[in-house]
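Just so it is clear, the model here is predicted, and its values are computed rather than measured. Throughout, numbering of the chain's residues begins at 1 and tracks the sequence.
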Amino acid sequence: MRKITIKEVAKEAGVSISTVSNALNNVDVLNPKTKAHILEVAERLHYVPNLNGRNLKSKTTKVLGLFVNSMKGPYYGTLVDTMYLECEKNGYELQVFISKNSMDMMTNILGKRVDGAVILNGWIGEEQETALRKEKIPTIFLDREICSQKISSLVFDSYTQGADAGRYLLTLGHKTFGYIRGAENNYDSSERFKGYSHVLEEAGHPLLTENIFDGFFDRDATYQATMKLLEKERKLPRAVFAANDQSAIGFMEALRECNISVPEEISIIGCDNIDISQWFTPRLTTIDTFYEKQGRMAVIQLLKLIRGEKIGTIQKVVGKIIERDSCQHA
């Protein structure tokens, strides 16, 4: 893929090179309409500025990038900590980019601001995946299954986690089941749902649509959604699997406020084994995804791609059930 030059952007936009530079660097000297026009032309031509001209000779920055669209929740903090520690061991720095703007993210990646990228961001889609493949950018995806010469996936085995949750609740003798979904179009939420619903259907207890709730991986959102259901006097299923621990805890908080006992009336199992899950009352039965290891593994695998020591693969991190107090026999 031939790289478009700033001169070509200037010619197409009908302005000078310095005017294009001002627009791309957000220098506040341009008419807003002119700036918008230049940015539209740059995006249409797929122009990517080199953000590290100082590193042209060495062709390396010794920086890895983590590209996310949120840092909300304990998972992200642990991911960044473990990635940074592994980077430090290997003489690299870590930069975190939080954005929902695919052009900005790809500018940082294709513009050579980092030597490799770890991506957990749904705003990077198929078009951006194609660009990463063509440019052979060393990349680790944490939120989808994809691989090529320089691209790997390192994902949780979320399908198996969902299936394990279903089997566990079935062994306790439950007959009615619910699922608290995570974020829309999220890989882990979708895969956990597939595994969970498949096991239940095979056992003759299909998951009913009215027993699938939206929690968005968020404690407060799940609490609010559950309270609305209870205000309508909805009968809840006897056993519930939440896509993550934050949702499970929000669910339990709403039940407690409405004097519904866990696990005597409803059993609940979460996913992730975050720290608070073992201190909440009742202590939350959950699936340990070993997410604290994912960041370290991502850096190790990314450095191997950068050094040419391996080609892209799809790896899945297997979890295990941690039995505590939030589930009991029906």
Side-chain angles (χ1 to χ4, degrees), residues 122 143 156-273 277 280 282 284-287 289 319-330:
D143 60 356
F156 298 124
D157 190 1
S158 292
Y159 182 93
T160 300
Q161 292 164 6
D164 287 347
R167 292 190 192 98
Y168 178 75
L169 294 173
L170 284 166
T171 62
L172 296 178
H174 295 298
K175 305 297 183 185
T176 59
F177 302 86
Y179 180 64
I180 303 175
R181 287 186 293 214
E184 188 176 3
N185 299 321
N186 176 271
Y187 171 85
D188 292 305
S189 177
S190 177
E191 289 297 302
R192 286 165 190 163
F193 171 76
K194 289 176 185 176
Y196 182 59
S197 58
H198 178 72
V199 163
L200 297 180
E201 188 168 355
E202 280 201 330
H205 299 288
L207 186 61
L208 303 179
T209 301
E210 59 263 33
N211 289 335
I212 302 171
F213 319 124
D214 288 315
F216 305 106
F217 289 135
D218 184 79
R219 180 173 176 173
D220 186 60
T222 305
Y223 168 85
Q224 297 295 342
T226 305
M227 291 300 292
K228 286 180 181 178
L229 290 173
L230 293 172
E231 286 168 6
K232 295 177 182 178
E233 298 185 351
R234 274 281 308 276
K235 184 177 181 181
L236 297 178
R238 182 64 180 82
V240 175
F241 172 44
N244 75 341
D245 289 345
Q246 293 279 75
S247 292
I249 289 169
F251 182 68
M252 287 195 292
E253 287 175 321
L255 295 180
R256 181 165 57 195
E257 191 162 321
C258 294
N259 297 313
I260 298 174
S261 178
V262 176
E264 289 78 12
E265 295 178 73
I266 294 180
S267 289
I268 174 76
I269 178 172
C271 196
D272 278 342
N273 194 29
S277 65
F280 198 78
L284 179 64
T285 294
T286 185
I287 297 173
T289 57
K320 72 173 183 178
I321 290 179
I322 306 295
E323 293 187 79
R324 294 194 181 109
D325 305 325
S326 64
C327 296
Q328 73 172 29
H329 287 274

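- Residue pairs meeting the salt bridge (charged side-chain N to carboxylate O under 4.0 Å, His left out) criterion with at least one member in residues 157-178, sequence neighbours excluded: Asp164-Arg167.
- The OG1 atom of Thr226 lies 6.5 Å from the CG atom of Leu255; values are rounded to the nearest 0.5 Å.
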Taking only distance into account, with no hydrogens and no angle test, what donor-acceptor pairs under 3.5 Å do side-chain atoms of residues 319-330 form with protein atoms, sequence neighbours excluded?
from: Glu323; atom 1: OE1; to: Tyr168; atom 2: OH; distance (Å): 3.0
from: Arg324; atom 1: NH1; to: Asn273; atom 2: OD1; distance (Å): 3.3
from: Arg324; atom 1: NH1; to: Ser277; atom 2: OG; distance (Å): 3.2
from: Arg324; atom 1: NH1; to: Leu284; atom 2: O; distance (Å): 2.9
from: Arg324; atom 1: NH2; to: Asn273; atom 2: OD1; distance (Å): 2.8
from: Asp325; atom 1: OD2; to: Arg283; atom 2: NE; distance (Å): 2.9
from: Ser326; atom 1: OG; to: Ile268; atom 2: O; distance (Å): 2.6
from: Ser326; atom 1: OG; to: Thr285; atom 2: N; distance (Å): 2.8

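- Take Ser190 and apply the side chain to side chain contact (heavy atoms under 4.5 Å, CB included) test, not counting sequence neighbours, and it matches Lys194.
- Under the side chain to side chain contact (heavy atoms under 4.5 Å, CB included) criterion, Ala165 pairs with Tyr196, Phe241, Ile269, Ile287, sequence neighbours left out.
- When side chains are defined from C-beta on, Ile260 counts as touching Leu230, because their heavy atoms get closer than 4.5 Å.
- A salt bridge (charged side-chain N to carboxylate O under 4.0 Å, His left out) check over residues 229-257, counting only residues at least two apart or in different chains, returns the pairs Arg219-Glu253.
- The side chain to side chain donor-acceptor pair (under 3.5 Å) analysis of residues 260-269, with sequence neighbours excluded, yields the pairs His174-Ser267, Ser261-Glu264.
- Residues passing the salt bridge (Lys or Arg N to Asp or Glu O under 4.0 Å) test with Asp218 are Lys72, sequence neighbours excluded.
- The side-chain heavy atoms of Leu236 and Thr176, taken from C-beta on, include no pair separated by under 4.5 Å.
- Partners of Lys228 according to the side chain to side chain contact (heavy atoms under 4.5 Å, CB included) rule, which considers only residues two or more places apart in sequence or in another chain, do not exist here.
- Contact of the Phe217 side chain with the Cys271 side chain is not registered, since no non-hydrogen atoms from C-beta on lie closer than 4.5 Å.
- Side-chain contact between Glu191 and Phe156 is absent, with no heavy atoms from C-beta onward closer than 4.5 Å.
- Shown here are the side chain to side chain donor-acceptor pair (under 3.5 Å) partners of Tyr187, two or more places apart in sequence or in another chain: Glu145.
- Among pairs with a residue in residues 195-216, those fulfilling salt bridge (charged side-chain N to carboxylate O under 4.0 Å, His left out) read Arg181-Asp214, at least two apart in sequence or across chains.
- Note on residues 249-268: no pairs pass ring pair (Phe, Tyr, Trp, His ring centres under 6.0 Å), not counting sequence neighbours.
- Legend: residues meeting side chain to side chain contact (heavy atoms under 4.5 Å, CB included) with Asp143, ordered by chain and number and at least two apart, are Leu120, Phe141.
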